[in-house]
Amino acid sequence: VRLVESGGGSVQAGGSLGLSCAVSGDLSIPYCMAWFRQAPGKEREGVAQIDSSGTTTYRDSIKGRFTISKDNVNSWLYLQMNRLQPEDTAKYYCAVDSAYGGDCPSPAIPVSLFGQWGQGVLVTVSS
């Protein structure tokens, strides 16, 4: 599976950005799909995930501001980010995992669960 993110950029605090992730390869396999981010000097952290049935899980700090979604054939994953804050500045990555038949087994969105990653896109939020 190949993952390619797009849509990053710079925005002022309070603004919005939408990220997209193009998924290519074996789309017949059900995936848990997720967005992660890594700020400078910090560890990569899970932001949001969506399982094959469309059930979503979000990191507490972004609940109500970010929305994860996907298309029906798993070829696109999206992250709509609203009311962005400077602390949201990071490189954002999409990732997928098929080990659990499309389920996302952990609400903690652990980095270790996901084996396939995109190259990331930079999101910068200025105050």
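If you read the sequence from its start, that first residue is 1, and numbering goes on from there. Basis for what follows: all heavy atoms, side chains included, without hydrogens, waters or symmetry-related copies. Please read all numbers here as calculations on a predicted model, not as lab measurements.
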From [atom1] ([X]) to [atom2] ([Y]), nearest 0.5 Å:
X	Y	atom1	atom2	answer
Q38	E43	CD	CD	8.5 Å
R65	N82	CZ	CG	9.0 Å
Y31	K70	OH	NZ	12.0 Å
I62	L79	CD1	CG	7.0 Å
I68	I50	CD1	CD1	5.5 Å
S52	I29	OG	CD1	12.0 Å

Mind checking whether [X] and [Y] have side chains closer than 4.5 Å, heavy atoms only?
X	Y	answer
T57	C104	no
T67	T56	no
Q119	E5	yes
M33	V23	yes
V123	M81	yes

Just by modelled atom types, is the [Y] backbone N or O under 3.5 Å from a matching donor or acceptor in the [X] side chain?
X	Y	answer
R59	G46	yes
Q85	R83	yes
Q49	S106	yes

Under 4.5 Å between side-chain heavy atoms, counting indirect links through other Ile/Leu/Val/Met/Phe/Trp/Tyr residues: same cluster for [X] and [Y] or not?
X	Y	result
V1	F114	no
L122	L84	no
L3	Y92	yes
V125	Y58	yes
V96	L27	yes

So with a 6.0 Å cut-off around [atom1] of [X], is the heavy-atom count from everything else above 12?
X	atom1	value
N72	CG	no
Y100	OH	no
Q12	CD	no

What closest approach, in Å, do [X] and [Y] show between heavy atoms, and which atom pair accounts for it?
X	Y	answer
C32	D103	CB-O, 3.3 Å
S16	Q80	CB-NE2, 3.9 Å
P30	G101	CG-O, 3.5 Å
D88	R37	OD1-NH1, 2.9 Å
V47	F36	CG2-C, 3.9 Å
P105	L113	CD-CD2, 3.6 Å

Inset, instruction - Would you please indicate if the ring centroids of W35 and F66 are separated by under 6.0 Å? - result: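 Distance test on ring centres: not under 6.0 Å, no.
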
Inset, instruction - Assign the ring pair W117 / Y93 to parallel, tilted or perpendicular, where the plane angle (0 to 90°) is split at 30° and 60°. - result: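 Geometry flag for Y93 against W117: perpendicular rings.
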
